[in-house]
Amino acid sequence: MCGITAYVGNDNALPFLLQGLVKLEYRGYDSAGVTIIDSANKINTYKAKGRIKNLEELLEGNHVEGKIGIGHTRWATHGVPSNLNAHPHTNNTYTISIVHNGIIENYQELKKDLIEKGYHFNSQTDSEVVVHLLDYYYHGDMHEALKKVISIIEGSYALCVVHNDNPNVIYITKKDSPIVLGRTQTASLAGSDIPAILDYAKDVYFMEDGEIAVLTKDDITFYDADDKLIQKELIHIPYDNEAAQKGGYDSFMLKEIHEQPYVIKETLRGRVENGDRVVLPELDAIHDKLPSYNKAYFVACGTAYHSSIFGASVLEKLAGIPTITQVASEFRYNDPIVDENTLAFFVSQSGETADTMAALRLAKQKGATTIAIVNVLGSSISREADYTIYTLAGPEIAVASTKAYTTQIVVMELVAMYIAQALNRNSYDYRKLIEGLSSLPAYLEEILKDEEIFKGYAKLLEHERDCYYIGRGLDYASVLEGALKVKEVSYIHADAYVAGELKHGPIALIEEGSIVIAVATQPNIASKTISNIQETIARGARVVLFTIEGLDVQGVENTYILPNVDQLLQGILVAVPLQLIAYYTAVFKNCDVDKPRNLAKSVTVE
Ligand code: G6P
């Protein structure tokens, strides 16, 4: 996945393709490529690892010209960043070229089948199956071939296809991955996101899942999922490119908060089978060795440390393996008791955090089996760990982590279930838990509709210097992360406490008007937290409570009832309101939410 551009028109395609890719650079990428069909109907494909500048240099030396082309910037999901894995991908006879955003879930079986049919694969990507399938089903009509291929592939995709048999046409289709189309006087254009085309077209077409668009220099023809010719409405984009890069949101942080339903779906994609089994081929190599581990570690920094606290608890509960969570900067200097019977997880959005990296090296040296849970494919931590499982949060640009946190927890739930199933521990209802995981995106959409409520809670914090977050059990991880978000983006001192510890110190700080944000979602202990809340109310605190239905919350000024999901999943739901509280507090205080003072997105020094 990452950025797509496409052009067919009266002029050279390359300038549009490249400027569009540059406009999508903010999304992050690790390689770039273009295909141009020249006047001799030849498919010319150029790709370069690294920056778009590298691709431009390559193109300059080759004098590429042609009035139709497709372009791509890749953010690796399957296969490391490299020239070969970069898009576009071509068939073995160089007649078809494609670019793809998304994930083809069933690519492994399709690839096996295509290899048996004699197709040669050049890359490790899931995307390459699409171009060989198109080749296989192409009998002179690319529209028909594309229809056939989308009936076979499973997963998410935005796909642009060109064939040199018909060098004036681009075919585009999509499912669960966006694509935007536009027209100028003399050309048809496409981009995976609005910024790619906004300088050329202010009025755009948004495609729906299953539709096919046929682009020529003169017009764009749309077909619906039943292959009926349809007229689509042009939508006017009322904002400029800078706003468009943020998806129309005011900041990357807000955009990334809103992306969570989608990226959780992506992270779950292809990782569940028959509704009750977890599929994690990344761990299959240690499947039979799992009974030999007598201890596990979760090691990370910052937000990833908080998701680790959550994940460690879920692993202990489901798999029954004693699990320790430690901040990476402590682990590396604490002479941890780690040996070949230790399973050690290293969790990181960037995959580059220096302390986490050092901790990983130490654990490896001591003989542990190391597993990375990271977001950036090909990052240092993913390369050094014995095994890596990726979150599929996509590029996270705001410094304060949001979608990486929730997708990390989703991966940890899957890992815990995978290990528990391998150990034949069947006390938990996995079917119910998996159903719960699948229901998260829809519930999160509902929660996001209540943004105004959370904005109201943020108003309570706006003029505060301090605030207190409390929770027990898994809710403690949630309040740690909620408090960290407020500290990071709004510079308010937020103290997160285990609710039961209030009476051992912090309650001395509670006075008339103190703000307490409490999370009580775990049925066995929620009522205990609510008693602690009452103790703060008795001392004048103003409370915001996130809880589940059925508890006695009388006297609490602000109560938000979360949807009823499995208790091991509530932490994912409550993360979103807590992020929004931090976000709006920062907005009210005029803070730079995307780039908070003194913080860096990736901390590569100790
Ligand atoms: C920095 C970022 C945090 C992040 C932490 C760990 O401090 O500002 O948002 O949680 O690093 O980063 P990682 O990339 O390892 O998850």
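In each ligand, atom 1 is the first atom listed, and ligand 1 is the first ligand listed. What you are looking at is a predicted structure, and each value in this text was computed from that prediction instead of being measured.
Listed by chain and number, Cys301, Gly302, Thr303, Ala304, Ser348, Gln349, Ser350, Thr353, Val399, Ser401, Glu488, Ala600, Lys601, Val603 each place a non-hydrogen atom less than 4.0 angstrom from ligand 1.
In this structure, a donor-acceptor pair under 3.5 Å is present between the side chains of Ser307 and Gln408.
With sequence neighbours left out, the salt bridge (Lys or Arg N to Asp or Glu O under 4.0 Å) criterion links Glu316 to no other residue. Residues satisfying the side chain to side chain donor-acceptor pair (under 3.5 Å) test with Ser329, not counting sequence neighbours, are none. A search for side chain to side chain donor-acceptor pair (under 3.5 Å) contacts involving Glu451 returns His258, Tyr584, not counting sequence neighbours.
Under the side chain to side chain donor-acceptor pair (under 3.5 Å) rule, Gln579 has a single partner from Gln260, Lys403, Glu256, which is Gln260.
With a 4.5 Å cut-off on side-chain heavy atoms, Thr402 and Phe252 do not count as touching.
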